[in-house]
Protein chains: 2
Amino acid sequence: MSDVKGAEVKGAAALRATVAFNLGTLGALAADRFAARVEALGLKPKHAGLLAALDAGSAASQQELASRLGVAPSLIVALADQLQELGAVERLRDPEDRRRQVLTLTAEGRSLLARCADAAETVDADLTAGLTAAQRTALARHLRTLGEHHLPH
Amino acid sequence: MSDVKGAEVKGAAALRATVAFNLGTLGALAADRFAARVEALGLKPKHAGLLAALDAGSAASQQELASRLGVAPSLIVALADQLQELGAVERLRDPEDRRRQVLTLTAEGRSLLARCADAAETVDADLTAGLTAAQRTALARHLRTLGEHHLPH
DNA sequence: GCGTATCGTTCACAGCTCGAATGATTCAGG
DNA sequence: CCTGAATCATTCGAGCTGTGAACGATACGC
């Protein structure tokens, strides 16, 4: 980009100019703030991710959820245990394949998910406070585009 | 936002529509890819962050670096140890306050930082492959704006 | 000078996630 | 119908990261 001289050695400015670096840093910041908010609900961000996956796709096996969220199946067990304890999900043996546990959202689970969305929107309001409405929607749109390209859609 | 009905319960779609959620998810993805690339240099992302902080600001004490990076001072010790082992930084007692260790980048450190920037740019090319050049610069600009508002500048 | 505060360092510990082992269940094929 | 291979959920042990509480050394206010 900076072709003023061409001999300039890349430094901190070059790193900070990249999307990857800012995405990583701001992502950590957003994740922390989101985590702090959902903690009041007794949840961690991964719980919210699992709830969202359950609401988005149809009832799924734990294996499928694991690969969709990009985590080990053993982690799904722990997350589902805790969500079950909160009454947010139901675990039912699939009658057509009794090895599978089918997870489904309860009304309580949907309520929790809604409050997670509220938490995220609150964080949004704070994060994007310095942006105009137009910039905000443009940013949201670009991030969504990236997500659709690189995340299991 | 969606005031079409008002009775609709927020679900996964609402969560996925937020900047915070996408920022967190994509940030983790970007961080993973960046980590994979700098691993070949014997570094972790935090090392790159430290190098960048050293190149950006003037020579700083470890305490100052800790608060700038948002980590515990004890972690700076470990990071600086490893960077010193690689010949990337020099540790010198501040003659005006012999409690302080002043870290400075060596030529090797600047070279490593430049290669970290290269790695980030490579990740960028992959991440933003589905975007037009105009979208790419708009995204980078928005992220930078967010960073300047919320990170220690 | 003497107590207090600050810096860097070490160390033990908690949290998170994974991978390998296990048991139950299903399925393919003779 | 029976047997061996494959798949699912679960448990458990291990690795990695980062933190917070000590501790010694040094600086500073009074």
Side-chain angles (χ1 to χ4, degrees), chain A residues 24-25 27-29 31-36 38-39 42-50 53-54 57-85 89-104, chain B residues 24-25 27-36 38-39 42-50 53-54 57-85 89-104 152:
Chain A
T25 308
L29 179 68
D32 280 351
R33 295 197 183 180
F34 181 66
V38 295
E39 193 178 14
L43 299 179
K44 305 259 172 184
K46 303 244 164 184
H47 293 133
L50 182 48
L54 285 178
S58 51
S61 73
Q62 299 185 186
Q63 295 273 343
E64 193 180 336
L65 290 169
S67 74
R68 199 179 298 182
L69 296 181
V71 300
S74 54
L75 182 57
I76 302 290
V77 175
L79 293 174
D81 280 349
Q82 292 151 1
L83 288 176
Q84 196 174 20
E85 200 118 2
V89 302
E90 258 184 352
R91 253 205 194 106
L92 284 172
R93 290 261 165 214
D94 183 347
E96 308 200 348
D97 184 343
R98 305 225 320 273
R99 291 171 301 182
R100 292 188 184 162
Q101 296 270 44
V102 176
L103 298 181
T104 54
Chain B
T25 308
L29 179 67
D32 279 351
R33 295 198 183 180
F34 180 66
V38 295
E39 194 179 13
L43 300 178
K44 305 256 173 188
K46 304 245 164 186
H47 293 132
L50 182 48
L54 285 178
S58 52
S61 73
Q62 298 185 187
Q63 296 273 344
E64 192 180 336
L65 290 169
S67 75
R68 200 179 298 180
L69 296 182
V71 299
S74 54
L75 183 56
I76 302 289
V77 175
L79 294 174
D81 279 350
Q82 291 151 3
L83 288 177
Q84 196 174 21
E85 200 118 2
V89 303
E90 258 184 352
R91 253 204 193 107
L92 283 172
R93 291 259 164 216
D94 183 348
E96 309 200 347
D97 185 344
R98 304 225 319 271
R99 291 172 301 182
R100 292 186 183 162
Q101 297 268 44
V102 176
L103 298 182
T104 54

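All values derive from a computational prediction rather than experimental measurement. Proteins come first, then strands; the chains are lettered A, B, ... in the order of their sequence lines, and each starts at number 1. Just the heavy atoms: all of them, side chains too, but no hydrogens, waters or symmetry mates, feed the values below.
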Original post:
Which part of the nucleic acid, if any, lies within reach of R91(A) when heavy atoms closer than 4.0 Å are counted: base, sugar-phosphate only, or nothing?
Top reply: sugar-phosphate
Subject >> Within residues 65-78 of chain B or reaching into it, pairs that qualify as side chain to side chain donor-acceptor pair (under 3.5 Å) - sequence neighbours excluded >> reply: E64(B)-R68(B)
Subject >> Residues forming a side-chain hydrogen bond (donor to acceptor under 3.5 Å, both in side chains) with D94(A), sequence neighbours excluded >> reply: none
Original post:
Got a sec, which residues hit side-chain contact (heavy atoms from CB on, under 4.5 Å) with A66(B), two or more places apart in sequence or on another chain?
Top reply: P73(B), I76(B)
Subject >> Contacts of type side-chain hydrogen bond (donor to acceptor under 3.5 Å, both in side chains), residue Q82(A), not counting sequence neighbours >> reply: H47(A)
Original post:
Can you list the steps and then say if L65(B) with L54(B) is a side chain to side chain contact (heavy atoms under 4.5 Å, CB included)?
Top reply: CA-CA 8 Å; L65(B) 290 169; L54(B) 285 178; 3.9 Å; yes
**OP:** For Q62(A), answer base if it contacts any base atom (sugar-phosphate contacts may also be present), sugar-phosphate if it contacts only those atoms, and nothing otherwise; contact means non-hydrogen atoms under 4.0 Å.
**Re:** sugar-phosphate
Under 3.5 Å, which N/O atoms of the protein pair with N/O atoms of nucleotides 18-21 of chain D?
from    : atom 1 : to     : atom 2 : distance (Å)
dT19(D) : OP2    : A72(B) : N      : 3.0
dG20(D) : O6     : S74(B) : OG     : 3.1

Polar atom pairs (N or O), protein with nucleotides 27-30 of chain D, under 3.5 Å:
from    : atom 1 : to     : atom 2 : distance (Å)
dA27(D) : OP1    : R98(B) : N      : 2.9

Subject >> Within residues 76-85 of chain B or reaching into it, pairs that qualify as salt bridge (charged side-chain N to carboxylate O under 4.0 Å, His left out) - sequence neighbours excluded >> reply: D81(B)-R91(B)
**OP:** Starting at atom CD of Q82(B), determine the distance to atom C1' of dC16(D), rounded to an integer number of angstrom.
**Re:** 12 Å
Original post:
Quick one: does R100(A)'s side chain have a donor or acceptor within less than 3.5 Å of a partner on S61(A)'s backbone?
Top reply: no
Original post:
Who are the salt bridge (charged side-chain N to carboxylate O under 4.0 Å, His left out) partners of R99(A), not counting sequence neighbours?
Top reply: D97(A)
Original post:
Can you give the first and last nucleotides of DNA chain C, 5' to 3', that have an atom under 4.0 Å from a heavy atom of chain A?
Top reply: dC16(C) to dT26(C)
Original post:
Among all residues two or more places apart in sequence or in another chain, which pass the side-chain contact (heavy atoms from CB on, under 4.5 Å) test with E39(B)?
Top reply: none
Original post:
Between atom CG in L65(A) and atom P in dT10(D), what is the gap in whole Å?
Top reply: 12 Å
Original post:
Under the side-chain contact (heavy atoms from CB on, under 4.5 Å) test, which residues partner R33(B), sequence neighbours left out?
Top reply: H150(A), L29(B), V123(B), D126(B), L127(B)
